[in-house]
There are 2 protein chains.
Amino acid sequence: MINSLIDHIQKIIALTTEEQTLLSRYVKQQEFSKKEHLLTQGQKKTALYFVVQGCLRMYFIKDNGTEQMVQFAIDNWWIADYTTLDQHKPAQFYIQAVEHSKVLILTQSAQEELLEKLPKLERYFRKILQRAYAASQMRLTYLFDLSAEEKYNHFNSRFPEFVQRVPQYMLASYLGFSAELLSRLRAKE
Amino acid sequence: MINSLIDHIQKIIALTTEEQTLLSRYVKQQEFSKKEHLLTQGQKKTALYFVVQGCLRMYFIKDNGTEQMVQFAIDNWWIADYTTLDQHKPAQFYIQAVEHSKVLILTQSAQEELLEKLPKLERYFRKILQRAYAASQMRLTYLFDLSAEEKYNHFNSRFPEFVQRVPQYMLASYLGFSAELLSRLRAKE
DNA sequence: TCAAAATCTTGAACCAGATCAAGAAATAGA
DNA sequence: TCTATTTCTTGATCTGGTTCAAGATTTTGA
């Protein structure tokens with residue numbers, strides 16, 4: 001299981017066998033069944049999650065009591081509530097398994113120790129963050145520039161695998177509109 | 001001028017005098033007058049910009065021809081089009097001086113060389129990106145959860161200095177609504 | 001296998017905010 | 001200082017998407 005993370009890292013930096021075993025000492029493996037929560041709003045548990053296999057989602061509860069999707073993560077993606085990680089606030093978000101998932105957990109303190117021991121991983125995590133931040137800049141352009149229908153079509157062509165795996169109401173929320181509207185959009189096709 | 005960057009870095013990692021001079025060899029200083037562009041959509045110029053003094057904004061042109069604000073940056077903030085930096089696409093965004101600004105420029109290739117020579121800066125840039133990404137996660141919560149009026153009030157209390165410095169229509173666009181609506185909100189107060 | 005839970009659909013009424021237009025006020029440059 | 005440009009205001013009208021509700025369909029777990 002840890003191998004998928006090692007492979008992922010090695011696309012960016014090379015690791016010796018010793019470094020790989022060192023790494024694996026800091027990472028915890030865990031499986032989560034569908035609907036199980038990895039993180040709940042308000043917790044102080046700060047960690048990074050790497051999806052080996054499955055699908056996770058991050059969301060929060062809006063003032064009106066409904067869920068707002070923030071992000072999905074599937075195989076070989078990292079997901080984390082960086083607001084807790086960076087500032088020392090309690091978690092702003094929920095992270096939940098959308099389907100049964102195999103996950104690697106790197107707690108914040110484990111990450112800090114690991115980076116002391118293996119500073120070359122700083123580069124890996126920088127690259128990961130850069131990619132994530134770039135994606136979030138792009139997402140803003142879609143959120144601001146596209147109509148609901150265009151958002152749906154764009155997402156559909158870009159990530160067809162998701163549309164199968166994820167309930168429609170989560171997708172609608174991720175795209176920033178109501179589940180009912182998504183249903184109507186699909187009816188038009 | 002470079003000292004404000006060095007100070008900023010030293011809040012995260014310590015630099016020897018030699019390291020400081022090394023750093024300064026990779027960074028270019030430049031001033032931009034109001035309305036001048038640092039980056040134009042479509043350019044291949046990939047760089048990170050550090051605002052020593054002044055105010056920059058990043059925006060793009062929507063399909064309907066109007067501007068959409070993406071981000072502001074004032075003193076001691078980095079700003080960059082990470083979509084160009086990370087993937088190798090031409091720039092998605094415009095970066096422009098809102099007022100006369102003193103800026104430090106670190107081109108992508110300079111950054112790469114610098115990080116070879118001074119790997120401990122990986123940590124600095126990772127932290128910067130982590131903070132930026134955390135902020136963008138928070139921004140999503142405001143975008144999705146608040147009404148126009150609530151967004152304005154929240155921004156106002158969080159960044160009062162901005163509201164003075166930046167034209168209202170830019171702020172409205174940043175918050176995700178029309179300039180006319182912002183004008184009406186202010187009239188209510 | 002079958003009942004309970006979760007998800008999706010559809011209609012009708014509604015609304016937050018957009019758009020268009022045109023004048024007022026503020027700012028900047030020569 | 002004075003004019004051109006930029007920015008802001010306000011009214012009138014319009015609309016993309018929301019909300020509420022209730023039934024239909026699909027999925028799940030014991």
Side-chain angles (χ1 to χ4, degrees), chain A residues 32-37 54-55 57 59 61-69 72 94 96-101 142-156 162-189, chain B residues 32-37 54-55 57 59 61-69 72 94 96-101 142-156 162-189:
Chain A
F32 294 90
S33 47
K34 186 167 177 171
K35 302 244 172 89
E36 197 176 344
H37 278 92
C55 181
R57 68 170 180 137
Y59 67 96
I61 305 293
K62 295 203 280 187
D63 279 349
N64 67 14
T66 63
E67 288 179 2
Q68 174 60 56
M69 279 295 313
F72 291 109
Y94 296 85
Q96 186 193 41
V98 175
E99 52 191 54
H100 184 94
S101 303
Y142 305 132
L143 277 176
F144 282 130
D145 201 14
L146 303 185
S147 69
E149 184 165 15
E150 290 169 328
K151 281 175 196 155
Y152 175 62
N153 291 336
H154 178 266
F155 190 89
N156 235 330
F162 261 106
V163 184
Q164 318 305 328
R165 263 166 105 167
V166 159
Q168 270 179 52
Y169 71 90
M170 286 186 197
L171 180 54
S173 168
Y174 176 79
L175 295 174
F177 51 83
S178 69
E180 291 92 333
L181 180 56
L182 181 49
S183 174
R184 285 181 243 265
L185 291 175
R186 301 191 57 176
K188 287 211 302 187
E189 275 175 9
Chain B
F32 294 89
S33 47
K34 186 168 176 170
K35 300 242 170 90
E36 198 176 342
H37 278 92
C55 181
R57 66 169 181 139
Y59 67 97
I61 306 291
K62 295 203 279 187
D63 279 349
N64 67 13
T66 62
E67 288 177 3
Q68 174 60 54
M69 281 293 314
F72 292 109
Y94 296 84
Q96 187 193 41
V98 175
E99 52 191 54
H100 184 95
S101 303
Y142 304 132
L143 278 176
F144 282 130
D145 201 14
L146 303 185
S147 70
E149 183 164 18
E150 289 168 329
K151 281 176 196 154
Y152 176 63
N153 291 337
H154 179 265
F155 189 90
N156 235 331
F162 261 105
V163 184
Q164 319 305 328
R165 265 166 104 164
V166 158
Q168 271 180 51
Y169 70 89
M170 286 185 199
L171 180 55
S173 168
Y174 176 80
L175 295 175
F177 50 82
S178 71
E180 291 92 332
L181 180 57
L182 180 50
S183 174
R184 284 181 243 265
L185 292 174
R186 301 191 57 176
K188 287 211 302 186
E189 275 174 10

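The sequence lines fix the lettering, A, B, ..., with proteins before strands; numbering per chain opens at 1. Scope of the values below: all heavy atoms of this structure, side chains included, with no hydrogens, waters or symmetry mates. As the structure is a prediction and not an experimental result, all values here were calculated from the model.
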Open item on the list: For DNA chain D, which residues of residues 172-187 of chain A approach it to below 4.0 angstrom with any heavy atom?
Closed with: A/Phe177, A/Ser178, A/Glu180, A/Leu181, A/Arg184
Task: Heavy-atom closest pair, residues A/Phe32 and A/Glu36 - done: CA-OE1, 3.5 Å
Open item on the list: At a heavy-atom distance below 4.0 Å, which nucleotide of DNA chain C is the first touched by chain B, and which is the last?
Closed with: C/dG17 to C/dA28
Task: Minimum heavy-atom distance between A/His100 and A/Ser33, given as atom pair plus value - done: ND1-CA, 3.7 Å
Task: Separation of D/dT27 C1' from A/Glu99 CD (nearest whole Å) - done: 15 Å
Provide a list of protein-nucleic acid N or O atom pairs under 3.5 angstrom, restricted to nucleotides 1-7 of chain D.
from, atom 1, to, atom 2, distance (Å)
D/dT7, OP1, B/Tyr169, OH, 3.4
D/dT7, OP2, B/Tyr169, OH, 2.9

Task: Pairwise side-chain contact, B/Phe155 with B/Leu146, heavy-atom cut-off 4.5 Å (strictly under) - done: no
TODO: With a 4.0 Å heavy-atom cut-off, tell me which residues in residues 145-154 of chain A come close to DNA chain D, sorted by residue number.
DONE: A/Ser147, A/Ala148
- [ ] Applying side chain to side chain contact (heavy atoms under 4.5 Å, CB included), name anything that partners A/Asn64, two or more places apart in sequence or on another chain.
- [x] A/Lys62, A/Thr66
- [ ] Apply side chain to side chain contact (heavy atoms under 4.5 Å, CB included) to A/His37 and list each qualifying residue two or more places apart in sequence or on a separate chain.
- [x] A/Thr40, A/Tyr59, A/Tyr94, A/Gln96
Task: Least distance between heavy atoms, A/Met170 atom then A/Met69 atom - done: O-CG, 3.2 Å
- [ ] Test B/Gln68 against B/Ile61 for side-chain contact (heavy atoms from CB on, under 4.5 Å), laying out the working first.
- [x] CA-CA 6 Å; B/Gln68 174 60 54; B/Ile61 306 291; over 6 Å; no
Would you give me the side-chain donor-acceptor pairs under 3.5 Å for residues 174-181 of chain B, sequence neighbours excluded?
from, atom 1, to, atom 2, distance (Å)
B/Ser178, OG, B/Leu181, N, 3.2

Open item on the list: Counting C-beta onward and ignoring hydrogens, is there a side-chain heavy-atom pair between B/Tyr152 and B/Leu171 closer than 4.5 Å?
Closed with: yes
Open item on the list: If the condition is salt bridge (Lys or Arg N to Asp or Glu O under 4.0 Å), which residues does B/Lys35 pass it with, not counting sequence neighbours?
Closed with: none
Task: With B/His154 via ring-ring contact (aromatic ring centres under 6.0 Å, His included) - residues at least two apart - done: B/Tyr142
Open item on the list: Angle between the two end axes of the helix from C/dT1-D/dA30 to C/dA30-D/dT1, five base pairs per end, rounded to 10 degrees?
Closed with: 70°
TODO: Please name all residues satisfying salt bridge (Lys or Arg N to Asp or Glu O under 4.0 Å) with A/Arg165, sequence neighbours left out, ordered by chain then number.
DONE: A/Asp75, A/Glu99
Task: Expected output: side-chain A/Asp63 to main-chain B/Asp145 donor-acceptor under 3.5 Å - done: no
Task: Test side-chain contact (heavy atoms from CB on, under 4.5 Å) applied to A/Phe162 and A/Val98, step by step - done: CA-CA 11 Å; A/Phe162 261 106; A/Val98 175; over 6 Å; no
Open item on the list: Among residues at least two apart in sequence or on other chains, which ones pass salt bridge (Lys or Arg N to Asp or Glu O under 4.0 Å) with B/Glu150?
Closed with: none
